[in-house]
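Report on the following structure.
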There are 2 protein chains.
Amino acid sequence: MTTIIDVARLAGVSKTTVSRVINNYPHISPDKKEQVLKAMEQLGFTPNPSARRLRGQLATTIAVVVPKIVNPFFSYLVDAIEQVGYRSGYQTLICQTNEDKEKELSYLNLLKTKQADGIIMTSIENDWAQIEPYTEFGPIVLCNEYINKTDVPMIRVDQYQGTYIGVKHLIERGHRKIAYCTGGLFTEFGKDKDRNQGYQKALEEAGIPVNPSWILVDKHTIEDGKRVMQLLMEMKDRPTAVFAGSDEIAGGLMMAAKKAGLRIPDDLAIIGFDDQPIAEVLDPGLTTIRQPIAQMGKKAGEILLAMLNEPCPSPAVYELPVELVVREST
Amino acid sequence: MTTIIDVARLAGVSKTTVSRVINNYPHISPDKKEQVLKAMEQLGFTPNPSARRLRGQLATTIAVVVPKIVNPFFSYLVDAIEQVGYRSGYQTLICQTNEDKEKELSYLNLLKTKQADGIIMTSIENDWAQIEPYTEFGPIVLCNEYINKTDVPMIRVDQYQGTYIGVKHLIERGHRKIAYCTGGLFTEFGKDKDRNQGYQKALEEAGIPVNPSWILVDKHTIEDGKRVMQLLMEMKDRPTAVFAGSDEIAGGLMMAAKKAGLRIPDDLAIIGFDDQPIAEVLDPGLTTIRQPIAQMGKKAGEILLAMLNEPCPSPAVYELPVELVVREST
DNA sequence: AAAATGATTGAAACTGGTTTCAATATTTGC
DNA sequence: GCAAATATTGAAACCAGTTTCAATCATTTT
């Protein structure tokens with residue numbers, strides 16, 4: 001490794017001067033500056049970030065916590081964040097928790113140890129009380145997931161509204177027996193809670209009672225969707241429509257439904273959530289709730305970068321709009 | 001930040017001793033060791049990785065270079081690598097090049113500056129001559145992409161064989177007019193070159209001449225697939241089957257074909273590459289060439305970790321098998 | 001022309017750990 | 001019971017940068 005001292009020696013100056021050139025300090029004579037630059041060029045010198053970081057001078061890494069990168073929702077989110085970061089010279093560290101609490105905490109330690117200068121969390125496994133202490137070490141921004149606090153910036157969509165307009169759309173199409181797939185049912189606050197309320201509110205407004213056996217929790221993947229469809233087929237009183245918590249679940253549902261000879265949307269209407277690429281490619285095209293993923297990621301990245309520059313802009317909640325995309329599955 | 005000195009003071013020992021405890025050195029009296037551990041616990045101390053790295057003692061980060069994380073092929077690859085790394089205590093840095101040469105080089109600099117201890121490249125934008133010098137700073141493993149060298153470890157599938165069996169399958173189904181979508185046509189060596197040769201060889205063996213207007217280059221996405229289908233529709237002499245370079249292209253092809261009223265596979269047979277989740281969910285189910293993505297990632301991770309431990313195991317090429325998955329689109 | 005101001009520069013201290021080296025304490029061998 | 005070997009410990013040097021402080025030099029003010 002070539003160090004700042006090698007450069008200093010070659011340029012015939014002290015390492016202090018080299019450091020000043022690296023950091024664009026004023027008051028360096030043009031000729032020395034040029035000598036230093038030439039020496040750096042000649043030696044192919046790159047400053048050692050560990051050393052700079054140690055002195056508290058460097059901030060170039062942001063971390064994004066996701067449950068699973070293979071979930072397209074999160075890969076698109078990461079994509080957007082990474083692009084914002086890169087434009088400002090930041091590297092993006094991807095932290096996949098696999099929904100493991102300990103893994104999440106181990107990633108939060110990146111903040112404490114200055115390996116990451118800020119963190120964007122797109123999911124939360126631990127209680128906020130566990131996570132909150134880490135805000136002391138650097139900014140944390142929530143994106144997608146949200147909690148019942150006002151002192152942390154959040155970028156979210158109106159999940160309540162998303163489910164509400166989706167279920168309402170099904171009701172308007174004449175459905176009264178509407179099943180519902182969700183991640184979790186019994187959360188205190190946050191995404192799943194709001195979605196559940198949207199579902200219930202839409203039913204309630206139409207005077208439809210909730211049928212608990214049509215509510216299916218802990219569903220996320222295509223495989224989950226297939227299994228749910230099998231469950232539904234075995235029911236005596238079958239729903240005529242399903243609100244799926246993600247386009248992937250919807251895809252699995254659709255596959256299994258078609259395999260069982262059901263026509264979509266005539267025998268069974270399906271609506272998804274997210275508007276991922278898969279939604280368009282399914283046959284029939286999947287009606288779904290579009291989340292502005294790229295904008296969410298972009299906004300989250302921008303907020304985090306802003307917090308890294310000015311210490312404390314007032315943390316705010318940014319709520320982006322969801323949108324019903326009607327295709328052929330409803 | 002609490003430092004090693006705070007711990008030393010509280011435990012009533014020197015920082016040397018604390019360091020020894022952290023690193024599990026032998027020859028520390030049990031009582032002092034316990035005092036130190038207690039002090040560390042009490043202060044919530046975490047060693048500063050920048051400082052450890054600076055002294056050349058720490059290796060905890062591997063970087064994965066991908067063109068686009070939103071491409072499921074790469075997100076599954078990253079997923080597999082990340083899991084192997086995490087189990088050995090490594091963090092995974094995701095580097096998205098967006099097919100930008102400069103961005104790729106900027107990520108290779110992570111090695112030079114010891115921000116990453118090793119790199120797995122799943123794509124290559126620059127010439128190897130540009131990249132090769134970086135191997136001086138740490139191990140580089142190629143996974144998926146490959147080059148004409150023997151001194152760098154590569155994990156690859158037999159791309160030639162993949163295309164060959166796919167095209168042969170189409171021929172066996174009676175097709176003689178077979179279009180072909182690919183990333184690049186005129187590469188010197190590597191993935192695309194081998195795929196092209198598999199295509200040509202299969203045609204040649206069946207005595208079918210190559211029709212250049214049926215070869216479509218620089219195709220990657222669903223949108224590309226749709227556009228290709230439009231091109232094909234406008235042709236006077238239309239192919240009866242298409243070999244797509246990825247399942248996503250195939251998905252786009254299928255969408256557009258169905259929209260144009262073609263029946264699949266009767267009017268047009270389609271075969272994909274990868275066997276991503278989308279392949280299964282398409283209707284009709286997509287016949288495709290399965291790549292063992294998870295195994296590739298796992299192997300690449302293991303090789304890299306091995307190289308980080310023993311300096312120089314003989315670099316080898318690992319070729320994993322591809323497999324034809326026949327569904328209903330052919 | 002002397003004093004005051006500001007630009008330019010480098011020596012040394014500092015960041016938070018690890019490693020070397022030497023000193024001291026303890027155990028083992030005979 | 002004494003020499004040799006081994007265990008335990010800390011002071012100081014080191015990693016590669018940044019920052020503080022003071023010294024020198026040039027320029028402007030009075």
Side-chain angles (χ1 to χ4, degrees), chain A residues 1-37 39-40 43-61 89 109-117 137-138, chain B residues 1-37 39-40 43-61 89 109-117 137-138:
Chain A
M1 251 328 265
T2 72
T3 75
I4 200 174
I5 293 187
D6 302 322
V7 175
R9 200 156 15 221
L10 181 59
V13 298
S14 73
K15 63 182 193 157
T16 311
T17 302
V18 177
S19 174
R20 291 201 175 102
V21 172
I22 294 169
N23 293 286
N24 260 316
Y25 274 47
H27 312 317
I28 306 155
S29 63
D31 57 332
K32 296 227 167 177
K33 183 165 184 172
E34 200 189 331
Q35 283 168 48
V36 171
L37 288 173
M40 281 172 34
L43 295 171
F45 169 76
T46 316
N48 181 322
S50 292
R52 305 180 79 181
R53 215 186 294 269
L54 189 54
R55 202 63 175 80
Q57 200 30 244
L58 190 71
T60 51
T61 307
N109 254 312
L110 295 174
L111 259 192
K112 195 168 166 185
T113 58
K114 293 283 171 238
Q115 293 196 104
D117 305 293
F137 305 112
Chain B
M1 250 328 265
T2 72
T3 76
I4 201 174
I5 294 186
D6 302 322
V7 176
R9 202 162 7 228
L10 181 59
V13 299
S14 74
K15 62 179 194 162
T16 310
T17 303
V18 177
S19 174
R20 292 203 175 100
V21 172
I22 293 170
N23 293 285
N24 260 316
Y25 273 46
H27 311 319
I28 305 156
S29 63
D31 57 333
K32 297 230 167 175
K33 183 165 183 173
E34 199 188 332
Q35 283 169 50
V36 170
L37 288 173
M40 283 174 28
L43 295 171
F45 169 76
T46 315
N48 182 322
S50 292
R52 306 180 79 181
R53 216 186 293 271
L54 189 54
R55 201 62 175 82
Q57 199 31 242
L58 191 70
T60 51
T61 309
N109 254 311
L110 295 174
L111 259 192
K112 195 167 165 184
T113 59
K114 294 284 170 234
Q115 293 196 100
D117 305 292
F137 304 113

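Lettering of chains follows the sequences in order, A, B, ..., and the numbering in each one begins at 1.
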If we ignore hydrogens and angles and just use 3.5 Å, is the side chain of B:N23 paired with the main-chain N or O of B:Y25 as donor and acceptor? no
Counting just side-chain N and O atoms, does A:R52 come under 4.0 Å of either OP1 or OP2 of D:dT18? yes
Is there a side-chain contact between B:F137 and B:D117, using heavy atoms and a 4.5 Å cut-off? no
Starting at CE of A:M40 and ending at P of D:dG17, how long is that distance when rounded to a whole Å? 10 Å
Look at the side-chain N and O atoms of A:S50 and state whether any lies under 4.0 Å from the OP1 or OP2 oxygen of D:dA16. no
Provide, to the nearest angstrom, the distance between the CG atom belonging to A:L43 and the P atom belonging to D:dG17. 12 Å
What is the distance from atom OG of A:S29 to atom CD of A:Q35, rounded to the nearest 0.5 Å? 7.5 Å
Check side chain to side chain donor-acceptor pair (under 3.5 Å) between B:T2 and all other residues, then give those that pass, not counting sequence neighbours. none
Taken in chain and number order and not counting sequence neighbours, the residues that satisfy side-chain contact (heavy atoms from CB on, under 4.5 Å) with A:P49 are A:R53, A:L58, B:T113, B:Q115
For B:I22 and A:K15, find the nucleotide of DNA chain C closest to each by heavy atoms; which residue's nucleotide sits nearer the 5' end? A:K15
Return the minimal non-hydrogen interatomic distance between A:L54 and B:A51, and the atom names on each side. CD1-CB, 3.7 Å
How would you list, by chain and number, every residue that makes a side-chain contact (heavy atoms from CB on, under 4.5 Å) with B:K33, sequence neighbours excluded? B:V21, B:N24, B:I28, B:L37
Between D:dT19 (C1') and A:L54 (CG): distance, integer Å: 13 Å
Any pair with a residue in residues 12-30 of chain B that passes salt bridge (charged side-chain N to carboxylate O under 4.0 Å, His left out), sequence neighbours left out, goes on the list, sorted by first then second residue, please. none
Below 4.0 angstrom from OP1 or OP2 of C:dT18, is there any side-chain N or O of B:N23? yes
Going by the rule side chain to side chain donor-acceptor pair (under 3.5 Å), which residues pair with B:T46 if we only count those two or more places apart in sequence or in a different chain? A:K112
Could you state the atom-to-atom distance from CZ of A:R55 to P of C:dT15 in whole Å? 6 Å
Would you please confirm or rule out a distance under 4.0 Å between OP1 or OP2 of D:dT18 and any side-chain N or O of A:Y25? no
Atom pairs under 3.5 Å, N or O on each side, protein against nucleotides 5-9 of chain D: can you list them with distances?
unit_1, atom_1, unit_2, atom_2, d
D:dT8, OP2, B:H27, N, 3.4
D:dT8, OP2, B:H27, ND1, 3.3
D:dT9, OP1, B:S29, OG, 2.8
D:dT9, OP2, B:S29, N, 2.9
D:dT9, OP2, B:S29, OG, 3.3

Measure the angle between the two terminal helix axes of the helix from C:dA1-D:dT30 to C:dC30-D:dG1, five base pairs each, and quote it to 10°. 30°
Residues in residues 4-12 of chain A with a heavy atom under 4.0 Å of DNA chain D, by number, are A:I4
Name each donor-acceptor pair under 3.5 Å that joins a side chain in residues 4-14 of chain B to protein atoms two or more places apart or in another chain, with its distance.
unit_1, atom_1, unit_2, atom_2, d
B:D6, OD2, B:T3, N, 2.8
B:S14, OG, B:T16, N, 3.4
B:S14, OG, B:T17, N, 3.3
B:S14, OG, B:T17, OG1, 3.4

Length of the line joining A:K112:NZ and C:dG16:P, which is rounded to integer Å: 14 Å
Counting any heavy atom closer than 4.0 Å, what does B:T3 reach on the DNA or RNA strands: base, sugar-phosphate only, or nothing? sugar-phosphate
Rounded to the nearest 0.5 angstrom, the OG-CZ distance for B:S19 and B:R52 is 7.5 Å
